[in-house]
Structures are given as C-alpha cells and as structure tokens.
*Asks:* 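My structure is below; once you've seen it, I'll send some questions.
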Amino acid sequence: MTNEPQIPDPKIIVALDYSSAAAASQLVERLDPRLCKLKVGKELFTAAGPAWVEHLVSLGYGVFLDLKFHDIPHTVAQACKAAASLGVWMVNVHALGGRAMMSAAREALEGLPRRPKLIAVTVLTSMGPDDLADLGIDEEPQQLVRRLARLAHECRLDGVVCSAQEAAMLRQELGAGFCLVTPGIRPASAGKDDQKRIMAPADALRAGAHYLVIGRPITQAADPLQALQSVGQEIANIGELK
Ligand code: C5P
C-alpha cells in the first residue's frame, strides 16, 4: 500500500464530433475530467487547431487525438511527436501503414517525458468484404482485423481500436495488457443512431475493452453530465471483475 493519491483513469472517452471549438466547448464545460476523457478527431482538429487541444489538456482532460496517421514512417513518426508535444493521452495510426511505419511511430514516442499511448486502427468498420476485394485483399474483415492487431502487437504498440464484438477474441489472443478501445457503445436507455453493431458499456468491458468511445448518447443528451454519470454508474463495479 502507498499513500500516493489515486490518479483517476476514466474508462469513458466522449467523442467530440463537432465542427468548431465553440460548439465543442459548450459540451466540454458541462463535463468533468474526473469522469471522462475526450476524443478529438479530424473535423474538430482541423477546425479548432492544436492550441485548442492544449486547452483541453490544461483543463485536466485526457485527450485521445484521433487523427489516424498513415504515411511514410518518418512522416508519421514526426506527426506522433508533434501530437505528444500537445500533452495528449493517446494518439493513433493506421495499422495498414505497415510494420516499419508503426515501429517508427513507437520509437518516436519512446522516452518522452509524457509519452502518449499509441494505438492502431485495424480495419475501418465502414469497409466490408467487397471494399477489401477492391483493394486486392481477399480476407474477411474479421481475419484482417486479427492479422493487423497481431502486427500492431508485434510492433509493441499499446493497443488497437476495435469493435466490442472483437474485444474478447483480441484480448484472448493478445493478452490483458494490450489496450482495446471500443466505439459503437450504447447504454440501455439510448438509441442506436447509425451504429449497426452495438454493445452496452458493461458488456463491452466484460468482453475485454479497456476504454469505451461514446458520442451521441452523451453529446446529444438533454443533460450530458447526467448521461455521463449514468454510464459511469453502469460500469462502476466492472473494473473489479478484470
Ligand atoms: O455517436 P457515437 O457514439 O456513434 O460516436 C462514436 C465515435 O466513434 C465517432 O467519433 C465515430 O467516428 C467513432 N468510431 C466509430 N466506429 C469505428 C471507429 C470510430 O463509431 N469503427
């Protein structure tokens, strides 16, 4: 036992799918960094810029900078370093960028004082077997997810983004230390929106997810903080099961 203060590590990552800092700020002001992290994607980052990301960090939020880098190894490595300099908690790359690219990204972050977690996107969920065939890939999406997750693991990345349906398989294959970040999460009380394969927050954690990306069930709620707290209650005791 130590007397170190417990640093909270919220499992919920709220997806800030907004077109401007002003719109996102209205939500952020109503949330609480002790209860959630925030995901900033390409739309908001392009509109609001790095200074605004630093602002979120200064408010105490863990920020997942979801820019899915995919380029030659040197370029991606430098982009990851630039992301790390903003103080973000997590960055990601496309596993389809390959072994050299993922390894370069990991090496670029090694030894940094505030090293963000580095995870990979395997197969975009918008891609079906026909889309893969167009690219000359004859594998089923699920098989490709597995192959790319293994590759990310071999490159010593911290984890992958995956659907909650894939979490149990990946956890069994790659171990409990490999971080699984799962979107497509819907609390019992929320609608599906355009997500096809959804899972409840507690079920996703039981399946092996470490962090849950949740957008509209919180961002579109009449009371976002209350919606966040209610998901927090749904998952409150799951951590003890792991
Ligand atoms: O509003 P909702 O909870 O559906 O938002 C989910 C977030 O996770 C969005 O930012 C979406 O782009 C992202 N995402 C996803 N499915 C993936 C990868 C990312 O829904 N496979």
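Counting convention: from 1, in listed order, for ligands and their atoms alike.
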*Asks:* Got a salt bridge between Arg115 and Glu110, using NZ or NE/NH1/NH2 to carboxylate O under 4.0 Å?
*Replies:*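 No salt bridge links Arg115 with Glu110.
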*Asks:* Could you find the nearest protein heavy atom to atom 6 (C) of ligand 1 and give me its residue, atom name and distance?
*Replies:*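 Minimum-distance protein heavy atom for atom 6 (C) of ligand 1 reads Gln195 NE2, 3.8 Å.
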*Asks:* For residues 174-187, which side-chain donor-acceptor pairs fall under 3.5 Å, sequence neighbours excluded?
*Replies:*
residue	atom	partner	partner atom	Å
Arg186	NE	Gly191	O	3.1
Arg186	NE	Asp193	OD2	3.4
Arg186	NH2	Asp193	OD2	3.0

*Asks:* Which donor-acceptor pairs under 3.5 Å do the side chains of residues 19-30 make with protein atoms, sequence neighbours left out?
*Replies:*
residue	atom	partner	partner atom	Å
Ser20	OG	Ala23	N	3.1
Ser25	OG	Ala21	O	2.8
Arg30	NH2	Ala222	O	3.2

*Asks:* Return the minimal non-hydrogen interatomic distance between Val76 and Ala105, and the atom names on each side.
*Replies:*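 Where Val76 meets Ala105 most closely, the heavy atoms are CG1-CB, 4.1 Å.
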*Asks:* Would you say that more than 12 heavy atoms from the other residues, nucleotides or ligands in this model lie under 6.0 Å from the NZ of Lys81, or not?
*Replies:*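 Open.
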*Asks:* Set out, in order, the CA-CA distance, both residues' side-chain angles and the distance that settles side-chain hydrogen bond (donor to acceptor under 3.5 Å, both in side chains) for Tyr61 and Asp32, then state yes or no.
*Replies:* CA-CA 8 Å; Tyr61 284 100; Asp32 181 338; 6.0 Å; no
*Asks:* Could you list which atoms of ligand 1 come closer than 4.0 Å to a heavy atom of Thr125?
*Replies:*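 Selected atoms, number and element: 16 (N), 17 (C), 21 (N).
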*Asks:* Show the atoms of ligand 1 that are less than 4.0 angstrom away from any heavy atom in Ala15.
*Replies:*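 Reading through ligand 1 atom by atom, the close ones are 7 (C), 10 (O).
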*Asks:* Measuring from atom 17 (C) of ligand 1, which candidate in Gly215, Gly184, Pro183 has the nearest non-hydrogen atom?
*Replies:*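 The residue whose heavy atom sits nearest atom 17 (C) of ligand 1 is Pro183.
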*Asks:* Does Arg186 have a non-hydrogen atom less than 4.0 Å from ligand 1?
*Replies:*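 So Arg186 counts as touching ligand 1.
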*Asks:* Using a 4.0 Å cut-off to any heavy atom of Val213, which atoms of ligand 1 qualify?
*Replies:*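 The atoms of ligand 1 under 4.0 Å from a heavy atom of Val213 are 7 (C), 8 (O).
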*Asks:* I need the nearest protein heavy-atom contact for atom 12 (O) of ligand 1: residue, atom name and distance, please.
*Replies:*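 Here the closest protein heavy atom is Lys39 NZ, 4.3 Å.
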*Asks:* Please name the residue in the list Ile13, Leu86, Val53, Leu16 that meets the side chain to side chain contact (heavy atoms under 4.5 Å, CB included) test with Val63.
*Replies:*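 Passing option: Val53.
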*Asks:* Report, in ascending order of atom number, the atoms of ligand 1 lying under 4.0 Å from any heavy atom of Arg216.
*Replies:*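 Near Arg216, meaning under 4.0 Å from one of its heavy atoms, ligand 1 has 1 (O), 2 (P), 3 (O), 4 (O).
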*Asks:* My understanding is that we take every heavy atom of each candidate and find the minimum distance to atom 9 (C) of ligand 1. Doing that for Asp17, Asp66, Ile13, which one comes out nearest?
*Replies:*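 Considering heavy atoms of Asp17, Asp66, Ile13, the nearest to atom 9 (C) of ligand 1 sits in Asp17.
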